[in-house]
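One structure coming up, written as structure tokens, with questions to follow.
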Amino acid sequence: QKEVEQDPGPLSVPEGAIVSLNCTYSNSAFQYFMWYRQYSRKGPELLMYTYSSGNKEDGRFTAQVDKSSKYISLFIRDSQPSDSATYLCAAYTGGFKTIFGAGTRLFVKA
Amino acid sequence: KAGVTQTPRYLIKTRGQQVTLSCSPISGHRSVSWYQQTPGQGLQFLFEYFSETQRNKGNFPGRFSGRQFSNSRSEMNVSTLELGDSALYLCASSSLGANTEAFFGQGTRLTVV
């Protein structure tokens with residue numbers, strides 16, 4: 001079993017839809033949870049990170065962590081075609097090693 | 001502020017050869033991590049260096065090695081290349097190595113034929 005599981009998709013939504021991207025993890029030692037966005041032929045870029053459980057909002061993006069169920073979510077409101085990319089969740093224990101999910105490919109249709 | 005620079009961007013090598021990839025982190029960042037990205041396995045952690053010391057290593061064979069120089073630039077080396085080593089190799093830098101705010105380069109696309 002992978003430490004961070006993520007459905008690779010693809011996920012296709014119409015412009016303006018609310019997108020929900022999800023991951024589960026198995027290691028209770030994970031303390032920090034990150035979401036990265038990766039466009040084709042580019043390296044991943046950090047969208048946001050959260051510590052422990054709770055929500056964090058940044059513009060149209062909301063990250064949510066539920067440590068009791070080991071569930072990580074990213075919500076994108078008013079999705080745009082420019083949001084079309086691969087979204088990677090990641091988790092970090094503090095041991096200088098970040099574990100990534102497989103990434104979910106998102107397509108937002110105009 | 002310049003971002004993370006990886007060279008070369010593309011590389012084609014033959015099975016059995018060795019290859020060296022380079023990563024220049026963001027100025028002031030002392031931590032460099034390396035990852036292998038493939039369609040089947042996603043992003044897999046190779047190793048992390050901080051101030052020239054390897055602090056953690058992923059589950060890769062000994063053919064994969066790395067080092068970091070005093071100016072924080074890092075190199076990774078893969079010896080005796082196999083077809084399965086074809087992948088995008090990414091490096092990420094962060095200021096303290098907490099890796100909660102890591103910045104990635106564009107990667108080196110390695111193709112082994």
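The chains referred to below are lettered A, B, ... by the order of the sequence lines, with proteins before strands, and numbering in each begins at 1.
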Q | Heavy-atom proximity to chain A below 4.5 Å, by part of B/L43 | A | both
Q: Measure A/I99 against the heavy atoms of chain B and call it side chain, backbone, both or neither at under 4.5 Å.
A: neither
Q | Side-chain touch A/K97/B/S33, heavy atoms, less than 4.5 angstrom | A | no
Q. Do you know which of A/A90, A/G43, A/G101 has the most heavy-atom pairs under 4.5 Å to chain B?
A. A/G43
Q. What residue among A/Y51, A/Y92, A/Y25, A/Y49 forms ring pair (Phe, Tyr, Trp, His ring centres under 6.0 Å) with A/F33?
A. A/Y25
Q) Quick one: does A/V13's side chain get under 4.5 Å of A/I76's, heavy atoms only? A) no
Q) With only heavy atoms counted, which part of B/R9 is less than 4.5 Å from chain A, the side chain, the backbone, both or neither? A) side chain
Q | Residue, of B/L88, B/L90, B/N56, that accumulates the most heavy atom pairs under 4.5 Å with chain A | A | B/N56
Q) How about A/Q6 and A/T104: does a side-chain donor come under 3.5 Å of a side-chain acceptor? A) yes
Q: Could you look at B/Q37 and say if it's the side chain, the backbone, both or neither that has a heavy atom under 4.5 Å from chain A?
A: side chain
Q. Would you say the side-chain atoms of B/S70 and B/E52 include a donor-acceptor pair closer than 3.5 Å?
A. no
